[in-house]
Amino acid sequence: MELIYVAAAIMMGLGGLGAAIGVGLLGGKLIEGSARQPELAPKLQTTFFLGAGLVDAIPIIGVGIAMYLIFVVAG
Amino acid sequence: MAGDTQTVSGYIVHHLTNLTYGKLPAGYHRHDGSTVGEGGAWVMAHGGDEAAAMGFTAIHVDSMIWSIGLGIFFCWFFRRMAKKASADTPSGALNAVEMIVGFVDNTVRDSFHGRNPLVAPLALTVFVWVFLMNLMDLIPVDLIPHTLALLGVEYQKIVPSTDPNITMGMAVGVFILMLYYSITVKGFGFVKELTLNPFNHPVFIPVNLFMEVVGLLAKPFSLGLRLFGNMYAGEMIFILIAALFSAGIAWLVPAGLMQVGWAIFHILIITLQAFIFMVLTIVYLSMAHEDH
């Protein structure tokens, strides 16, 4: 039963790693894009938020399931 | 109930169980020692295990009440605003509604490439309804559940979007609309798209079909679980912070700061998730309308 905590930790950790890299890249491209064409900044920002939301969809689902494992299954 | 020696995990699990009403199978031994008679009994569950024993007939009463109630509130409020719309004396609420409708209209206009009068109202409903459901998450964790507990209602989860049934239900609703419009707009083209898409040769039909169907099913699945995951994790952190308050007076200020900090950040998550749910609904419906 103790392995559940390890499993939950791995789920959250790897998911977080992926999301961090993804959103980091997105943020970098956003800054590049708005630096190149400042008048497009608002539209780029909307797309950035949409992308950031999509990128951390799976990791957040992983966090949701990991927390379910920790509190409900092993709680 | 959660009165006497209550552990933290007991507190957390208590806040995660829905108020469930359903049919207990015959011969089931209930918490209070009584056994369910012949033909089962429609009863309010006293705990997670009883709710699980109800199986398919279990209905999450609290999620249903809160989500349908918020839906009715949305319809009533927007209808009142629409009827009362007067250019000369715009009230604050009216401006807000106009802003939301304008924002949704622009988003639909630039991401939906078909001609369907249903999509814009659907997008507005999805956006505002999901936003209202998520907004419930900002209400302090114990405010409503505890007051209701004093009135005898044992369990209460006030945020409908932390219930996978609600989010998956909405996602399946969008999925049905996707299939309906794909068939009506594309007709046989939809079948052709599923079977011949990546590799345009009849011998690859099984491979195409498998890949396309998996892609098709992933859409509602990720749409529903994304909203559920975000809201469930957000609510869990609120519950953990609330449990932190029980750790003694020294923890009062840090936990209070964390609660405020997380609530402010959660405002962004709430609007973002409602926005993403709406945009993906529009994008999926516009993909269903594309006719090559």
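Throughout, protein chains are lettered first and strands after them, A, B, ... in sequence-line order, and every chain is numbered starting at 1.
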How about CE on B:M258, more than 12 heavy atoms from neighbouring residues, nucleotides or ligands closer than 6.0 Å, or not? yes
Between B:R226 and A:A57 the two heavy atoms that sit nearest each other are NE-CB, 3.0 Å
Counting only heavy atoms from other residues, nucleotides and ligands, does the tally under 6.0 Å from CZ of B:F245 exceed 12? yes
From CD1 (A:I61) to CG (B:N230), nearest 0.5 Å: 8.0 Å
Interatomic spacing from CD1 in B:I269 to CD1 in A:I60 - rounded to 0.5 Å: 6.5 Å
Is it the case that over 12 heavy atoms from other parts of the model lie below 6.0 angstrom from the OH atom of B:Y28? yes
Can you tell me which portion of A:L54 sits under 4.5 Å from chain B's heavy atoms? Options are side chain, backbone, both or neither. both
Given the options A:L50, A:V63, A:D56, A:I58, which has more heavy-atom pairs under 4.5 Å with chain B than any of the others? A:L50
Region of B:L225 that comes under 4.5 Å of a non-hydrogen atom in chain A: both
With the side chain counted from C-beta on, respond yes when B:I237 and A:M67 share a heavy-atom pair under 4.5 Å apart, and no when they do not. yes
Are more than 12 heavy atoms, taken from residues, nucleotides or ligands other than A:F48, located less than 6.0 Å from that residue's CZ atom? yes
Only heavy atoms, only distances under 4.5 angstrom. Which residues in residues 273-283 of chain B are near chain A? B:F275, B:I276, B:V279, B:L280
Choice from B:L227, B:L268, B:T162, B:L240 maximising heavy atom contacts with chain A below 4.5 Å: B:L240
So, taking the atom named CZ in B:F228 and the one named CD1 in A:I65, what distance separates them when rounded to the nearest 0.5 Å? 7.5 Å
